[in-house]
Amino acid sequence: MEEYSKELLRSGIIEAKTGNHETARRYLDRAIYMTSSHDVLAEAWYWMGEVTANPVEKRKALENCLSHDLRHARARRALAILDGKLKADEVINPDKMPAVSEGSRQANADRFMCPKCGGRMAFAPDGQTLVCDYCSRNQGFDTHTKEADEKDFIIAMATSRGHGKPLQELVFHCNGCGAEFILPPKQISASCVYCDSPHVVSLEKTKDLLAPDGIIPHAFTQKKATQLLVNWVESNHINPEKRVELPRGLYLPMWTFDIGGVIDYTGEMIEQDEQLFKRGGEKKITRITDQYPIMVDDLPFPASRKLSAVFLKLIPAFDLKTTKPYDPRFLASWPAEIYDVPMADASLDARSQVYARYKDKLPYMISGMNIVHTSSQNLAVESFKLNLMPVWMTELPFDGREHLVLINGQSGLVASDVPDNSQTQEEAGTGGLLNFLSDLLND
């Protein structure tokens, strides 16, 4: 019976692809009536939606499809188009990715200037205020009642945004002085080179890059960051070889993924009859096939390759529950890097990490069973966010080269690429650095 229903489904799909919609509907309707397989039912209902032009009937067919297979990517994509969440012309052909255009391109940007005196506005590390550099006018904005929204993974993967990364230079037109200046491809914010007014890219209006969804604002000033650096250098007995630059505040991009589904596994249970064992009998092995449910929320993954090794050390110290909805005003006078790890690439690595983690733990979580086979076929990325994380950065001249030092701009944790075995030098010679930084703290 099931083989017959699959044959009906294949015939219906063939008729649908050749444009014979009425014939396709008859085959598909019969397949739905004959089968009890969720896979066949999901596929048949999806194609029912493809052969009808009536929006109400199409929605019903797609919802029926998803009731049998919640992760049916084509049905979720079609429903998103029907709901207006995805434009049909943005959907890419998976067999032919669009070519990346070369050269510079124009970009829209928001400009932040004081409405009172015309001075430049900067975000203050209090989580909610823009402050003028000249007249000290405050401009608050409320983000306490909102949470950063997660994006649908399937919808993003259907467009070039899910696969793109910044390869071009962005050209800005300054609304203040009229000058045009070039922003490096890995930055999302900058100040005009002529009038110094801060600008932030409006990524929502681009077709090839994803805009940030959430942000954790900077929580303390450069003076506090410098004090944290002094304490860290002193506690690790590091002897810098020359002048150390003050920490520079910026935002680094980070993906978070929600991953769910099940890991399919096959295991062996050993059943041993005591009386049979006394007579020298063999053990009875029973093979069991089952599924283990998985749900991982907000798995973090660096979205920038350049600083990822040190940035990874800071990630556990971020409180992701405090993430606010992205607002370009947070970046006023603060540089922010844009991602260079495409969402599609990061999602594959994130899914692989989850599978590897649970695959290793599965024998302990299912006690008394020898796991002989596992599969990640039904493990899927459900949703994601692109977040901007606050960081202070400087370089430490030590051991013959510059070592990167990052400070978590929320918690104050300090991390570096200085080898652990190098952080045991004598304290002699650190006084010059500490005095230099202490003078700056007192300025």
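These figures come from a predicted structure and were not determined experimentally.
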* May I have the step-by-step check of salt bridge (Lys or Arg N to Asp or Glu O under 4.0 Å) for Glu57 and Arg25, ending in yes or no? => CA-CA 12 Å; Glu57 293 182 6; Arg25 268 192 288 268; 5.8 Å; no
For this session: Walk me through it: do Lys321 and Asp319 pass the test salt bridge (Lys or Arg N to Asp or Glu O under 4.0 Å)?
Result: CA-CA 5 Å; Lys321 290 183 174 60; Asp319 181 3; 5.4 Å; no
Practice task
Any chance you could lay out the salt bridge (Lys or Arg N to Asp or Glu O under 4.0 Å) test for Asp258 and Lys385, step after step, and finish with the verdict?
Solution key: CA-CA 9 Å; Asp258 292 344; Lys385 290 198 299 282; over 6 Å; no
Item to complete: Might you work through the side-chain hydrogen bond (donor to acceptor under 3.5 Å, both in side chains) test for Gln227 and Asn231, ending with a clear yes or no?
Response: CA-CA 6 Å; Gln227 182 64 66; Asn231 296 342; 2.9 Å; yes
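Closest approach of Phe220 and Gly409 over heavy atoms only: CE2-O, 3.4 Å. Nearest heavy atom pair, residue Lys58 against residue Gly49, reads NZ-O, 2.5 Å. Pairing each heavy atom of Ile407 with each of Leu314, the nearest pair is C-CD1, 4.0 Å. When every heavy atom of Lys313 is checked against every heavy atom of Ala415, the shortest pair comes out as CB-CB, 3.7 Å. Counting all heavy atoms, side chain and backbone alike, Tyr326 lies closest to Pro212 at CB-O, 3.5 Å.
Within the 4.5 Å cutoff, no side-chain heavy atoms of Met369 are placed close to those of Pro363. Using a 4.5 Å heavy-atom cutoff, the side chains of Tyr46 and Asn64 are not in contact. With contacts defined as side-chain heavy-atom distances shorter than 4.5 Å, the pair Leu210/Phe384 qualifies.
Under the side chain to side chain donor-acceptor pair (under 3.5 Å) test applied with Asn387, the options Thr323, Asp298, Thr256 reduce to a single match, Thr256. Checked options Arg74, Lys6, His38, His68; the residue passing with Glu43 is Arg74 (criterion: side chain to side chain donor-acceptor pair (under 3.5 Å)). A ring pair (Phe, Tyr, Trp, His ring centres under 6.0 Å) with Trp392 holds for exactly one of Trp334, Trp232, Tyr251; it is Trp334.
Geometric assessment of Arg351 against the ring of Phe257 yields a negative cation-pi assignment under the 6.0 Å and 45° thresholds.
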